[in-house]
Structures are given as structure tokens and as C-alpha cells.
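The chains referred to below are lettered A, B, ... by the order of the sequence lines, with proteins before strands, and numbering in each begins at 1. Below, each value reflects all heavy atoms present in this structure, side chains not excepted, and no hydrogens, waters or symmetry copies. The structure presented is a predicted model; accordingly, all values stated were derived computationally and were not measured.
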Amino acid sequence: MKDLPKIYNSKSFEDKIYLKWEESGFFNPDNLPERNKKSFTISLPPPNVTGQLHLGHAAMLAYQDTMTRYHRLIGDKTLWLPGMDHAAIATQSVVEKKLNKKKKTRHDLGREKFLKEVNNFAEDSKKTIRNQIKKMGSSLDWSREHFTLDEDLSIAVKTVFKKMYDDGLIYKGDRVVNWCPTCQSTLADDEVEYVEKKAPFYYFKYGPVIIGTARPETKFSDKVIIVHPKDKRYKDIIGKEFNVEWIEGKIKAKVIADIIADMEIGTGAMTITPAHSMVDFELAQKYDLKVEKIIDKDGKLTSAAGSMAGLDVEKARKKVVEILDKKGLVHEIDNNYTHNLSICYRCSTPIEPLPSKQWFVDVNKKVPGRNKSLKQLASEVVESGEIKMIPNRFNKTYFQWMDNLRDWCISRQIWYGHRIPVWYKEPIEITYFVHGTTPDNEKSIATGLNDVSLSELGIKQSKELKKTLKDKKFDVIITSDLKRATESANYAFGKDYITDKRLREINYGDMTGKSSKEVYDLKKETINEPYPNGESHKNVEKRMRDLIDDISKKYKGKKIAIIAHQATQQALDVILKGKTWKQAFDEDWRNTKAWQPGWKYKIETDDETYVGLETPKGKDWIQDEDTLDTWFSSSLWTFSTLGWPEKTNDLKTFHPTQVMETGYDILFFWVARMIIMSTYVLEEIPFHNVYLHGLIRDKEGKKMSKSLGNGIDPLEMIDKYGADALRLSMIVGSTPGNDLRLYEEKIQGYRNFINKLWNISRYILTTVKKVEQIKKEDLEPQTMADYWILNQLNNIIDNTTDNLENFKFSQAGEELYEFTWNKLANWYIEIAKIEGNKDKILLYILEKLLILWHPMCPFISEVIWEQFNSKELLIISNWPNKLKLKEKEVKEFDLIQEIISAIRNARAEHKANTKKTYSCSISTKNQKLIEDNKEIIEKLGKVKITPKSPGIKLNVNNVDIILDINESPEVKKNKEKSIINLERYIGIQENKLKNKSFSKNAPPDVILKEEEKLKQAKVELEKLTS
RNA sequence: GGGUGUAUAGCUCAGUUGGUUAGAGCGCCACGUUGACAUCGUGGAGGUCAGAGGUUCAAAUCCUCUUACACCCACCA
């Protein structure tokens, strides 16, 4: 006799049991007893290290653990591999938010310190999550745990990047990104929020058409009109060029026909602004148009905006409209237009779409040697059925997405993540000095090519320059070959300089020697046209470009000093800083009265890049500042965690994995990318099956979230009801791909079941003479009920196996639940109390039942299992097999149950006294059957069987029952109702069977079945009416 | 605009390839229960399977359309 508490207290067992499992080492497949050669692997979708476990995680853990435990029980070499994801953007922004509270930004800390901070946070978060995962009972092999930012995964990431780069599948290109001028950072699409805002919508006259826009300030360099090729209104102007009066005077505009133009919207004609709209950018690439930035990173207008350069967006908009209005080009202003404004999720600043350099994975280019693109490779494996999606309908979604897939932008302007393994030669730094003062300068005469020496003042200035430059070192010093430059260089830097003719001052031609004022007045006119018999500023720009080209080839990563003249310095402003000549004149250093600021210029040397695993040798290399998209590293998850690129045993044994179980919401983000990467890198699929679960919602069907306050905390639920109950509440009643509503009462319900299971076990274990494991040879079933229940056990073994093999977890749970509570507890145990002497069968069933339940309810099953004092743990016991039984006895017992139910039913309906035992007669062809089960019927039906009894007549399956109770008037009504129903049904059946096309077309077994149904109904009707 | 799903009892959901007089759990109602379990037992009521058409001998199930809701993608000059 055992002594067990009445109520199962999950809290007092779960942690201990988990520890026992962990200590056994059986979560690690290397320690499992060898039974099958077959392996079974699931890679845990790594939770983000941003914080806490939520119900979605809990559900995913429940499904995966169910599969894992089942496969361990059937003897597979089973691995469930845990890990976590660094979730770059999400994690970084959590830490940044914390910093913001202290009024700091990441830039205040610097890259290194900030990363330290993030890493600390991630480590803490990992610990929390790990514990939470364990609370769910997850049988994960912790010895193989990985983090997407681990050193070995980093090697995998870099190796793949290099492979793709070498295969020409990764390239650097321009793309319009979401830029927040306040945060000074790009935003991912999901970081952009939308607000509806009323803003004026303008219609302008633009040459032959009228265009609409909400953003006039971006329209400076629009030179292309797009209309729909089928638009009759514009048929005549397609392909033509027009001189259009526009913001800064006349420009030439070309008309192009493209179906992208929507005839319905506005006037059906539009101009395009390549640099500030994603769509326009693509159009620009299609038609090879110039991409000119109008707005800079600070949200101000660039030099391309001419006179409005430097203004911020809002002001510029007003001004542009003003100008156009003055020119009579405003057609209409719609002040009631609601604009869908995109803003930054952090600071709510309107987002500026800006072009910038990003890294891309080319999904359409053929992979060398395979003659197929990444896209094609990834589509094929699903098309062929090599990868199976559950539910199947996601195939469609997958193909649709794949077909429309564009190149994958993999670079992110954040710090936390895998740094892009690309190195550039350091940029060339130019510090520019103008030569010291000459006598000409003092007289304010234009010197030009006249080769004059420095004045006293000039010499002094140069010597002073030397002092201020004491600490600075330059690799190369280049000067103009005119004396005033070389002399300055000599004083300031010594003799080690190179001269270059291209650095000479502009040739003023006939204006040489004239007063500076006269020359100044001519300046703007000499941008494109030369001074009389002299040179144009464009020409200076040309020779300077030439020089810069040479420098950038020769002096990569060097620091260079240039000593030359005024016009050449302005040319550098134009070439390297993107100024217009006009701006360069306006911002002349002479106007500021500053002497020798030492202008700084940078020449980027992108063309020389190195891609590899480590920093290349040599001093001048610097690594790309950007990091990789999180999904780049997680797309390698199934194999990078198994040791790839090494050809490890693990990789051979456990890859491809069997199942990828995850939410349908990340089918694209993650699942699709894993397929792309695995088929490309390993030339094999990452997994055979994709099981997609739905989202967990609250009772009203709303998404659970902290802000709504409708979230259920899984830990709290485990604390209150136990992990097993929580698991069941998410397994039963959920189907793949469909959302699941969860609420506390539901979990409570399954807690009740767990307690029921506990009490079934308690009853069996405390009433049997000896608790032991029973071999099937020793079973000795005797009565009909014994055969029946063992047969039911056979069925449930079959069905559970089938259900789990086919991912029908809900079904498995439901059927087992029914077997346990109804068949076993409510019928068989009650019968066992009557018939007695069933120790062996009860113990046998209990043992098998625990194994069957174990995948879904690991804790309680293991706790009860301990009572058997078995040498081995339940987690590695053997999945049960069916028994061989005599079929004959089994079916007849159903009839006994029906008789009992009919009696119970009649008692309840007629409101008979439940305490009283009534007399009852039962007559059937097989009277022996009744005799054999007399006691069961009497006790469970609370009747006394006599040969002849008065009372009401009942009938089940040709068995006549007369029960000695008084008929209640309500039942008469029910009876009438039943008669009407039956008559109607009989009518339907008869018509069906008479119908010739039915007998012609329906399969014979169906016809037989229908005939049988009709017969039954007729018999029943007869009993009711007699 | 393109796509995908969902709609079945008061609630939450099952319902394989068409062959049901349409199921479960919870809730509700009635009756009961001093020993495995009140976290229990027995029984019951409750449904035009969203609507309309069609295919078929036969439709909750297949097709078309409509309605409502949810989600994904694209776009918003």
C-alpha cells in the first residue's frame, strides 16, 4: 500500500524532476541507449534575448518537446538543440532606451563601451530565458546551446558571406532607405510608423501636364514625366522633350510611358524624384536616370536645390510653392488631403527616404556551377515536396513570396551584431593650405600665373604655420609649382615636397594684374566660360579631378598636405564636398577673414575591398562600419549550430533536421531564408518538415501584449496550475496555422485533468497488492470487460502513434484524454471495483498510459512512473506495442455499455429516485451475455435483474429492457418528438435507397450501411409505438 | 490593388480523401456522491454548419459569388 497525497501538487515535483532529467544526461543524444540508427533533430527557433518568455514561446516549446520526447521514446537518436538570437535591432534599441532614460545616446559611450553594455544585458536576459524554458519541461540538450553571436557562429557567418561574395551573389549598391534625420540612423521597415496627417496637396503646371505632389521641395531636378502608355490624354507627347519653366528657371523634360503610372490617380501624369522615393529610385535605374540628392542627412536641402541650399524641408516647401505661384505654375492646392506620413518610431520625426550604400544578396543571379538562382533553388525544394509545409496551404504563400522576392538588403547601420567582414583601404585625408601672402595679395591684384614670391608677411605666416603643425604628420606633401606655393611649403614643411602643375592658380588671362574687385565681378560668368584669353573654373575643376584620381590611386590610406591656391581649393569644395561653384565663391575663406583653417577633405577608396574572415595584413585597412541583418545569421541556424563549416559528426548525424516548428508569422523572415541559405551553402535542405503554429490570442481574439494588459504570463500559470496543464491547454484544441485563444479557465480545466490522472494512478497504486511492472505474457485477461479495455488500449496506442507521427497533437491529446477519463476511469475502473482481481491489467494499462502521455505531460507521467521503482527513467523507456487479442469478445461489450447507458438515461429522464434499486428485465437472443455481465449491469445501472419485470419498455440494438419505474409526463412529449424524428428519418432513408442513381453510383458498402441504418430506425420506431 | 485564412452549440474549438440523424471541452439545467478524485459521478437541453447559387445518388466538406472579421505583401505621384 502506497501513501500518496489526494491532490497533485505540481510545484513540489516539477523542478526536482527536471533536475533528475538533466543529471541523467539523456537530453544529449550521445548518452541515449542505442536503439535506432535513425536520428531526429529539431533546432529550437532561438528566442530573442530582448527579455521574457511569453506564451508564444511556451506554445512552441510544448509542441517541440512533445515531438522530441516521442521520438526519444521510440528510440531515435534525438536531439533538440537550444539557443538564442541576438536580435540586433530589437536588443540594441532596448539598451538604447535604457540609456535614453539617463539622457545618453550610444554615441556618448562609443562603439566598444556600448557593445559591452548590450552584451551584459544579453547575458542577463539569456539566464532568465534559459530558466523559463526549463520550467516548461523542455528536454533540450543544453550542452549544445548556441547564441547567434557566438564565436563559432561568427565564423560561419563570415564564411558564408565570403562564399557569396566570391560567387558574386553579394554586392554593394545604392538603395533608398528610411532615414531619420534626428536619430541620424536608418530604420528598418518595421521601425517605421504611420500617422494620418492633413497636409496640403499641390497640383503644379509642369510643361504639358499637371502633376500632383505633397512634397514640392523634392522636385527640383525632376526631369522626367511618366504617363501610362495607354493613357489617351497623353498619347501625343510620349517620347517628346519639352522646355519646362520650373523652380530654378527652364529645364528640359522628357516624357516616358510606363505602366507604373496610374491613370486613375490625380492627372495620371507624374514626375519622378529618384533620390527620395523608393519607387522612383527603381524607375530611375530602369531608365538610367541620374540620382540627385535634394535633401541631406540633416533634413536640409543640398546644393542641387540651387538658391535654396541649406534650408530645411518645411521652409523650402513654402518657398518653392511661393516661387511657383509667382510664376503662375500653381494649378490647385487641396487643403483637405490626408497624407499617410511615415515617422520614426522612436522620436516621431518624419522620415526622409534617402539613397545610401548598402550590401545586398542577389537572389536572381545564377549561382556559379548550379545554373540556378538562390530563388530558384529555394523554390524547387518546396515544389518537389522535399520540404513539406504543415499546413499545406503555406506552400502558396511561400511561392508567392519567393516569386516577388527582391534582392535582400543585409547591411544595418547599427553596432550590435555581426560586423560585415569587409575591409577597405583607409580613406585618403587631404589637408589643404593656401600659400602665404604675396605683394600682389597685399595690393589686392589678381596674380594668376604670374610667378611671384612671398612677401615678408607671407614668410612670417608660413613660419607660424610650421609651429601650429608641430604634432601633425603628413605622408605626402604636394604643392603647386608656383614659387609662392613652394616657398610656403619650404618654410612650413621643409624640402620633402612634390610639385604638381595641376595645382596652379586659375589663369586670369587678360585680367591678370587687374584689381581683385574687377575679377570678382566676373567670377560667376567664368564658371563655364573662360576669362578672356584665360581659363574657366570648370577647367580648373577638370585638372583637379585629374589630380584627385591620381592621388586616390597612388596614396591609399595616406595623409596628404596640399599647398596651393584659392581657385584650386574651391575646386576641391566642388569635387569632394558637392558644392556648386557659386556656393564655393560665397563661402570663400576670404569672406570669413580666417587665415589658414587647413581645410579637410576625404577621398573614399571603396574600390579596394577585402572580404575575408580576419583583418587583412597591413596598416591601412579598416572594417566596414555596418553590421549584418539579424536574419543573416539566423538563416544559418540549422547547420551553424552543428559545427559547420567544419565537417563534424554532429553535422553528418543531425542535418538536415526533421522538423522546423515555428510561428507562421516568421515564414518569410526566417524559414524562407533558412531554405535559401541551406540549399545554397550545403546543397541540402535545412529540414524535412515545417510545422507552423498559430498565434496565441486572448479570449476575445486579440493579440496578447503588455500594452493591452491582456497578456498571460506563462510562469504565473505554471506556478498556479503546473507546466503539464499549461502544455495541454495549448496542445489540445489547436491546429497548425490557426490562431489559438487561451484563457485561464482553459488551463484550469487541464489542471483538473492532470489531477484526475493523478487520482487514477493513486487508486491503482494504492489498491493493488504489489506495485510492479507487468509483462504482457502475464496479463491473463478473463472477463469481457478485460478484453474490451485491452482492446481499447490497443486502439489508443495505434491512434496516438499515428497522431504524433502526423503532427496531429491536438487529436492525440483529445483521444488520450477520452480514453483516460471515460474508458479507463469511468468504465473500467468502476467495473474493476465490481469484478475485482484486476491488479495486473490495471498496472499494465497505467504503465503504458504514462508512456503515451509522457510526450505531452512529461512531469506528472515521470512522477507517477517513479512509483514503479523502475530502474530506468520514463524519458527513455520504450513506446508501447499493441497486444494480440481475441477479437470476438471485444465488440459484445459495447452492447453491455449501451444497456447500462440506456438504463441510466431512463432513470434520469423519468426522474427516478437515484438511491433506489429498481427491478429490470432484459431479454435478447444472446442471453448468456447478460448472465455473464449481470453484476456489472446491476451495479452500474443500479437495477436488480429479474426474469420478468413490469414498467417502461426500452430498446437498444434489439435488446428489450423493461424497467420498473413510473413514466413521467415529460417523457411522453420526448417520446412523441422522437417518433416524429424517426419517421422523418425513415422517409429520407427509404427515398435514398429507392433512388436508382444511388444504388447505381454508391459503393456497395455504403449501400449496406444505409440499409442497416434504415432497419435500425424501423425497429426503434416499432418499440416506441408499441 | 494582390494574396491567404476564418465563419460549425451560449463560449473555445475538432470534423482526414464528399457517405453523420453534425462532435468535444467549458458553461448551463436536473439528479446524485462519507474514501481514488467535490479539481467528482450520471444524464439532459442546446446547431438552417455565415448567406445565395451550382456540381453530385449524396455537401459542414468540392466549385462560383456575396457578407463579416483577421492576417500577409505591395502601393498611396
Quickly work out the [X] [atom1] to [N] [atom2] distance and round it to whole Å.
X: A:Phe281; N: B:C75; atom1: CZ; atom2: P; answer: 14 Å
X: A:Tyr664; N: B:C71; atom1: OH; atom2: P; answer: 8 Å
X: A:Asp739; N: B:C72; atom1: CG; atom2: P; answer: 10 Å
X: A:Asn1001; N: B:G18; atom1: CG; atom2: C1'; answer: 14 Å
X: A:Arg741; N: B:A7; atom1: CZ; atom2: P; answer: 11 Å
X: A:Ile696; N: B:C71; atom1: CD1; atom2: P; answer: 16 Å
X: A:Leu993; N: B:A58; atom1: CG; atom2: P; answer: 14 Å
X: A:Tyr750; N: B:C26; atom1: OH; atom2: P; answer: 9 Å

Same-atom distance ([atom1]) from [N] to [M], integer angstrom:
N: B:A58; M: B:C65; atom1: C1'; value: 23 Å
N: B:G23; M: B:G46; atom1: P; value: 13 Å
N: B:A50; M: B:A14; atom1: P; value: 14 Å
N: B:A68; M: B:A30; atom1: C1'; value: 38 Å
N: B:A52; M: B:U67; atom1: P; value: 15 Å
N: B:G44; M: B:U8; atom1: P; value: 25 Å
N: B:U64; M: B:C28; atom1: C1'; value: 41 Å
N: B:U61; M: B:G3; atom1: C1'; value: 24 Å

inquiry  = Using the rule given for ring-ring contact (aromatic ring centres under 6.0 Å, His included), can you reason through A:Phe753 versus A:Trp758, listing the C-alpha separation, both sets of side-chain angles and the distance that settles it, and then say yes or no?
reply    = CA-CA 8 Å; A:Phe753 171 74; A:Trp758 173 255; over 10 Å; no

key: Test side chain to side chain contact (heavy atoms under 4.5 Å, CB included) applied to A:Arg751 and A:Asp724, step by step   = CA-CA 8 Å; A:Arg751 188 270 320 266; A:Asp724 290 329; over 6 Å; no

query = Between A:His331 and A:Tyr203, what is the ring plane arrangement, given parallel below 30°, perpendicular above 60°, and tilted in between?
reply = perpendicular

task = For the residue pair A:Phe204 and A:Trp246, categorise the inter-ring angle as parallel (less than 30°), tilted (30 to 60°) or perpendicular (more than 60°).
result = perpendicular

request  = Check the pair A:Lys823 / A:Glu815 against salt bridge (Lys or Arg N to Asp or Glu O under 4.0 Å), numbers first and verdict last.
outcome  = CA-CA 11 Å; A:Lys823 301 223 164 90; A:Glu815 287 179 20; over 6 Å; no

Ignoring the backbone of [X], work out which of [options] is nearest its side chain.
X: A:Arg406; options: B:A74, B:A77, B:U12; value: B:A74
X: A:Val279; options: B:A70, B:C76, B:A14; value: B:C76
X: A:Ser997; options: B:C13, B:C57, B:A14; value: B:C57
X: A:Phe668; options: B:U16, B:C57, B:C72; value: B:C72

Nucleotide N/O of nucleotides 2-4 of chain B paired with protein N/O under 3.5 Å:
| residue | atom | partner | partner atom | Å |
| --- | --- | --- | --- | --- |
| B:G3 | O2' | A:Gln400 | OE1 | 3.0 |

request  = Heavy atoms under 4.0 Å is the rule here; annotate nucleotides 35-44 of chain B 5' to 3' with B where the base is hit, S where only the sugar-phosphate is, and - elsewhere.
outcome  = -BB-BSSSSS

remark   = Closest to the 5' end of RNA chain B, once A:Phe201 and A:Thr735 are matched to their nearest nucleotides, is A:Thr735

key: Under 3.5 Å donor-acceptor pair, A:Lys808 side-chain atoms to B:U16 base atoms   = yes

Check ion pair [X]-[Y] (N to O, under 4.0 angstrom):
X: A:Glu830; Y: A:Lys939; value: no
X: A:Glu1012; Y: A:Lys1009; value: no
X: A:Lys205; Y: A:Glu332; value: no
X: A:Glu217; Y: A:Arg215; value: yes

ask   = Contact class for A:Gly749 (heavy atom, under 4.0 Å): base, sugar-phosphate, or nothing?
value = nothing

task = Take A:Arg175 and A:Glu282 through the test salt bridge (Lys or Arg N to Asp or Glu O under 4.0 Å) and record every step on the way to the result.
result = CA-CA 9 Å; A:Arg175 163 149 146 179; A:Glu282 274 167 29; over 6 Å; no

message = Could you tell me if A:Lys838 sits above the aromatic ring of A:Tyr828, with its cationic atom closer than 6.0 Å to the ring centre and no more than 45 degrees from the axis?
response = no

note = Taking Watson-Crick and G-U wobble contacts under 3.5 angstrom, with | marking pairs to another strand and [ ] crossing pairs, the secondary structure of RNA chain B is written (((((((..((((.....[...)))).(((((.......))))).....(((((..]....))))))))))))....

query = What heavy-atom pair brings A:Ser10 and A:Gly722 nearest, and what distance separates the two atoms?
reply = OG-CA, 3.3 Å

task = Look at the side chain of A:Asn905 and the backbone N and O of A:Ser901, then say whether any donor-acceptor pair between them is shorter than 3.5 Å.
result = no

query = Would you call A:Phe998 stacked on B:C57, i.e. ring centres under 5.5 Å apart with the planes less than 30° off parallel?
reply = no

